[in-house]
Amino acid sequence: MLDLQQFYDACDPTQPLRGKRYYIDFSAVRGGDIVQELERKIARLARNRPTTQLFTGHIGCGKSTELFRLQDALVRRSYEVVYFESDRDLEMADVEISDILLSIAHNISQHLDKIGIATRPTYLQGLFQNLADTLRTPMEISDVSFSAGIASITASAKQSPDMRSQLRQYLEPRTRSIITAINDELLTPANDRLQQQGKNRLVVIMDNLDRIDSALRSQGRLQSEYIFVDRGEQLKQLDCHLVYTIPLELMFSNDLVRLSNRFGTNPMVLPMVPVHDRKGNPDQPGMALLRQMVLIRAFPELNVNQRIDAVGEVFDDIATLDRLCQVSGGHMRNLIRLLDGCLRKQDPPFLRDTLEAVIRNERDSLMGLISDQEWDLILQAVSRQDVQGDEDYNILVRSLFLYEYRDAQGRWFGLNPLLAETDRYRSWLAQQPRP
């Protein structure tokens, strides 16, 4: 029997999936288990030395869910994991290295307080007390309030451009000293204490850093290139295992080789779940897993076959469920958004007409964002199943007009299925020569 309230709660598109209750493993259709690779690097290949790994993919493709899996796997291996969402501390339109270091120091110190590991960050306390005085912030940063003090400064800076400017003028010249102090005053004592408890070293997972705006900095550099390429060396100097999410645009940057050399590793990419292959044929394994992704939210206690048998409690026909999965293009958040749109209109079982109304609204909204020039780029990209250059990427992939997939031949790009149903695309397709 369908528990409606449980189903509502499980279909919130604003919340990443935590825990195993609703998890579906898509690694078989995504080209491999990226979490296993990230975990293996930390726990097997470099367990006694710090590592830095980069993780990327489309916004909303399920990166946070996979990072929660990584956190759980590492905790089972006796690692202490500090996971946090960077956009809680940072103004994503305007990010500096000192902001990132401040956020890391804040979340590490907060986590250490929570697990009862006392540190005496003398330099950092003095630095931030002087900073509080400089910013004329009434605050006394003591042993017990250090993490709270940083949190207060971070929150204030996020809301105030003027305060961010003052903060950076003070912190940027001291970046090297801040990195040294985080290592000496927070990470080394924490790692020593964890070792005494029979645990492994600290792991820091900084999620949502891929959401920094695609803005131009000085000399025409994208903000992402400035942060991760020009100054990436400073991001890897902390004495712990680090996992950063980075903007997908960097995978199409002319600086990709520099980025990989800087961090000593290629970024790991989480692609979409295929609903068809690069030739347009239905991808049955991908569709089967997407069906389960929807149905497990309705029937988490049932097995795979029992959920399919119970599909009539959620949809008027299994063809309606397939239509939902197909039009999502295998984009996790968009699939749940479409499902949420159906829930806004009626309780299950959802009628096909209800789903089609939601799809029309989504398609019309997306169509309104596309200029004639962008349509030309979309059609070119569809013809060659690839994008070339930064401009193409920023317009097409970041806007979710194109989706990225992986198969045995490598990377390929497919049109967002919502756009594939527009009159403009169908007219263009009809004019193409038959193979």
- Any salt bridge between Asp239 and Arg201, counting N to O under 4.0 Å? yes

- Modelled atom types, side-chain donor and acceptor of Asp210 and Thr56, under 3.5 Å: no

- Query: Between Asn191 and Leu202, is there a donor-acceptor pair closer than 3.5 Å when you use the side chain of the first and the backbone of the second?
  - Reply: yes

- Item | Beyond-backbone contact of Leu259 with Ser253, side-chain heavy atoms, under 4.5 angstrom | no

- Decide side chain to side chain contact (heavy atoms under 4.5 Å, CB included) for Tyr22 and Cys11; before the verdict, give the C-alpha distance in whole Å, the side-chain angles of both, and the deciding distance to 0.1 Å. CA-CA 10 Å; Tyr22 299 111; Cys11 294; over 6 Å; no

- Message: Looking at Arg258 and Glu225, is there a salt bridge between them, counting it only when a charged N and a carboxylate O are closer than 4.0 Å?
- Response: no

- Query: Are Phe401 and Leu377 close enough that some pair of their side-chain heavy atoms sits under 4.5 Å apart?
  - Reply: no

- Separation between CG (Asp277) and CD (Gln284), nearest 0.5 Å, reads 10.5 Å

- Please check if the side chain of Asp99 supplies one atom and the backbone of Glu91 the other of a donor-acceptor pair under 3.5 Å. no

- If you take all heavy atoms of Tyr83 and Ser64, which pair is closest and at what distance? OH-OG, 4.0 Å

- Query: Do the non-hydrogen side-chain atoms of Asp3 and Phe7 ever get within less than 4.5 Å of each other?
  - Reply: no

- Message: Please determine whether a side-chain nitrogen of the Lys or Arg among Arg323 and Glu356 lies less than 4.0 Å from a carboxylate oxygen of the Asp or Glu.
- Response: yes

- With the side chain counted from C-beta on, respond yes when Leu38 and Ile42 share a heavy-atom pair under 4.5 Å apart, and no when they do not. no

- Message: Using 0.5 Å steps for rounding, measure from the CD1 atom of Ile104 to the CG atom of Leu242.
- Response: 6.0 Å

- Message: Just to verify, which of Arg77, Arg69, Arg76, Arg44 counts as forming a salt bridge (Lys or Arg N to Asp or Glu O under 4.0 Å) with Glu39?
- Response: Arg77

- Task: Measure the spacing between CG of Asp407 and NZ of Lys279 and express it to the nearest 0.5 Å.
- Result: 10.0 Å

- Message: Are the side chains of Tyr79 and His241 in contact, using a 4.5 Å heavy-atom criterion?
- Response: yes

- Query: Going by an N to O cut-off under 4.0 Å, is there a salt bridge joining Glu66 and Lys63?
  - Reply: no

- Show your reasoning for whether side chain to side chain contact (heavy atoms under 4.5 Å, CB included) applies to Leu54 and Lys236. CA-CA 11 Å; Leu54 307 176; Lys236 56 177 285 192; over 6 Å; no

- Message: Treating Ser109 as the side-chain partner and Ala105 as the backbone partner, does any N or O pair qualify as donor plus acceptor under 3.5 Å?
- Response: yes

- Residues Asn200 and Ser78: side-chain donor-acceptor under 3.5 angstrom: no

- Sub-3.5 Å donor-acceptor pair from the side chain of Thr65 to the main-chain atoms of Pro16, do we have one? no

- Dump the intermediate steps for side chain to side chain contact (heavy atoms under 4.5 Å, CB included) on Met206 and Leu235, then the final yes or no. CA-CA 11 Å; Met206 193 170 190; Leu235 292 179; over 6 Å; no

- Query: How close do Ala298 and Leu2 get, heavy atom to heavy atom, and via which atoms?
  - Reply: CB-CD1, 3.5 Å

- Item | Distance-minimising heavy-atom pair for Ile212 and Ser224 | CD1-CA, 3.8 Å

- Note on the structure: With sequence neighbours left out, the residues meeting side chain to side chain donor-acceptor pair (under 3.5 Å) with Asp72 are none

- Item | Val269 and Arg411, any side-chain heavy atoms less than 4.5 Å apart | no

- Take Thr51 and Leu45 through the test side chain to side chain contact (heavy atoms under 4.5 Å, CB included) and record every step on the way to the result. CA-CA 10 Å; Thr51 64; Leu45 305 183; over 6 Å; no

- Message: Can you give me the closest heavy-atom contact between Tyr23 and Ile296, atom names plus distance?
- Response: O-CD1, 4.1 Å

- Query: Counting only N and O atoms by type, is there a donor-acceptor contact under 3.5 Å from the side chain of Gln346 to the main-chain atoms of Leu351?
  - Reply: yes

- Item | Residue Asn281 excluded, over 12 heavy atoms near CG under 6.0 Å | yes

- Query: Is there a donor in the side chain of Ser27 and an acceptor in the side chain of Asp33, or the other way round, less than 3.5 Å apart?
  - Reply: no

- Message: Set out, in order, the CA-CA distance, both residues' side-chain angles and the distance that settles salt bridge (Lys or Arg N to Asp or Glu O under 4.0 Å) for Asp255 and Arg221, then state yes or no.
- Response: CA-CA 11 Å; Asp255 283 316; Arg221 300 289 281 165; 2.5 Å; yes

- Task: If the plane angle is over 60° it's perpendicular, under 30° parallel, otherwise tilted; pick one for Tyr403 and Tyr405.
- Result: perpendicular

- Answer yes when Glu96 and Arg168 have at least one side-chain N-carboxylate O distance shorter than 4.0 Å, and no when they do not. no

- Message: Check the orientation of Phe350 and Phe315. Use parallel for under 30°, tilted for 30 to 60°, and perpendicular for over 60°.
- Response: perpendicular

- Residue Gln36 excluded, over 12 heavy atoms near CD under 6.0 Å: no

- Spatial distance of atom CG (Leu295) from atom CE (Met293) [nearest 0.5 Å]: 11.5 Å

- Message: Between the side chains of Arg231 and Glu172, is the shortest nitrogen-to-carboxylate-oxygen separation below 4.0 Å, so that they form an ion pair?
- Response: yes

- Message: Rounded at 0.5 Å granularity, tell me how far CG in Leu415 sits from OG1 in Thr422.
- Response: 7.5 Å

- Query: So among Leu222, Val95, Ile246, which one has a side chain to side chain contact (heavy atoms under 4.5 Å, CB included) with Ile227?
  - Reply: Val95

- Message: Between Ser86 and Leu209 (side chain of the first, backbone of the second, donor and acceptor by atom type, cut-off under 3.5 Å), is there such a pair?
- Response: yes

- Query: So, does Arg337 use its side chain to make a donor-acceptor pair with the main chain of Pro13 at under 3.5 Å?
  - Reply: no

- Message: Salt bridge or not between Glu301 and Arg21? Use side-chain N to carboxylate O under 4.0 Å.
- Response: yes

- Query: Do Asn107 and Asp89 get their side chains close enough for a donor-acceptor pair, meaning under 3.5 Å?
  - Reply: yes

- Closest non-hydrogen atoms of Arg352 and Asp316, given as atom of the first, atom of the second and distance, are N-OD2, 2.9 Å

- Message: Do Leu339 and Ser328 make a side-chain contact, defined as non-hydrogen atoms from C-beta onward lying under 4.5 Å apart?
- Response: no

- Query: Would you call the rings of Tyr244 and Phe228 parallel, tilted or perpendicular, where under 30° means parallel and over 60° means perpendicular?
  - Reply: perpendicular

- Message: We want to know whether Gln5 and Asp9 form a side-chain donor-acceptor pair, criterion being a heavy-atom distance below 3.5 angstrom.
- Response: yes

Atom pairs and distances, donor-acceptor, side-chain atoms in residues 363-370, under 3.5 Å, two or more places apart:
{"unit_1": "Arg363", "atom_1": "NH1", "unit_2": "Glu421", "atom_2": "OE1", "d": "3.2"}
{"unit_1": "Ser365", "atom_1": "OG", "unit_2": "Asn361", "atom_2": "O", "d": "3.0"}

- Message: Within the supplied structure, the quantity of interest is the number of heavy atoms (other residues, nucleotides, ligands) at a distance under 6.0 Å from Arg333 CZ; does it exceed 12?
- Response: yes

- Going from CG on Leu396 to CD on Glu404, what distance comes out if it is rounded to the nearest 0.5 angstrom? 12.5 Å

- Got a donor-acceptor contact below 3.5 angstrom from the His58 side chain to the Met272 backbone? no

- Message: What I'd like to find out is whether the side chain of Arg424 reaches to under 4.5 Å of the side chain of Asp372, using heavy atoms alone.
- Response: yes

- Query: Glu313 side chain to Ala310 main-chain N or O, any donor-acceptor pair under 3.5 Å?
  - Reply: no

- Query: What pair of heavy atoms forms the shortest contact from Leu101 to Ile182, and how long is it?
  - Reply: O-CD1, 3.8 Å

